[in-house]
> 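Quick one: the structure is below, and I'll ask about it shortly.
Below, chains carry the letters A, B, ... as their sequence lines are ordered, and counting in each starts from 1.
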Amino acid sequence: MKSEPDVYSIDTLASERIGTWEGVRSYQARNHMRAMKRGDLALFYHSSVVPPGVLGVMRIHREAYPDPTQFDPSSPYYDDKSSPSAPRWDRVDVEFVEKLPRLVTLDELKGDPRFADMLVIRRGMRLSVQPVAASDFKAIVASAKKKKR
DNA sequence: GCCAACGTTGGC
DNA sequence: GCCAACGTTGGC
């Protein structure tokens, strides 16, 4: 799950402990959120920074429910085609698990053949919420916990 | 700031 | 329903 740290960062989530993942306005990303179950783990990816990459782990705390920002005309995430009777967009709540000891950069993922099939490599982080194979998830976290290569 | 990828929109 | 035009996004 990607976020621009200027908007919402792993440190903010660490201080809140429970955060909410709102503002997703892509059907594919929304559908991935709807597939999440409480207790599922997720990687926190920082985008639009140099370098981009993964630097945290969180757990789904509350499964998808309507994102209230879609009904708020003063919100940047307002959607005038949505309504409370027919909500279009969802959010999930997430619980902080850990900040990784170092950033695992996008470059590093691109350079490791084990990750060649990851969506983030194949399609980029344009898809802001995307599924990650358990084996990739574990390998990324393990890599962060080893000393820098 | 630029560009490529790609999702969305609207005219037909 | 098709598809060209357009807008948005993320990486560089």
> Assess whether atom CZ of A:Arg88 is packed by more than 12 heavy atoms of other residues, nucleotides or ligands within 6.0 Å.
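Count over threshold, so yes.
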> Can you build the contact string for nucleotides 4-9 of chain B? Use B for base contact, S for sugar-phosphate-only contact, and - for no protein heavy atom under 4.0 Å.
BB-SSS
> Below the 4.0 Å mark, does C:dC12 have OP1 or OP2 next to a side-chain nitrogen or oxygen of A:Lys110?
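Yes, because at least one side-chain N or O of A:Lys110 sits under 4.0 Å from OP1 or OP2 of C:dC12.
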> In this structure, how many angstroms lie between the P atom of C:dG10 and the CE atom of A:Met1, rounded?
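For the pair A:Met1 CE and C:dG10 P, the rounded distance is 14 Å.
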> Quick one: does A:Ser3's side chain have a donor or acceptor within less than 3.5 Å of a partner on A:Tyr8's backbone?
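A pair under 3.5 Å: yes.
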> What orientation do A:Phe44 and A:Trp21 show, parallel under 30°, tilted 30 to 60°, or perpendicular over 60°?
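A:Phe44 and A:Trp21: perpendicular rings.
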> More than 12 heavy atoms of other residues, nucleotides or ligands under 6.0 Å from CZ of A:Arg122: yes or no?
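Open: at most 12 neighbouring heavy atoms sit under 6.0 Å from CZ of A:Arg122.
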> What is the separation between atom CE on A:Met125 and atom P on C:dG11, rounded to the nearest whole Å?
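After rounding, the reported distance stands at 8 Å.
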> What about A:Tyr27 and A:Trp89, are their ring centers closer than 6.0 Å?
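For A:Tyr27 and A:Trp89, the ring centres are under 6.0 Å apart.
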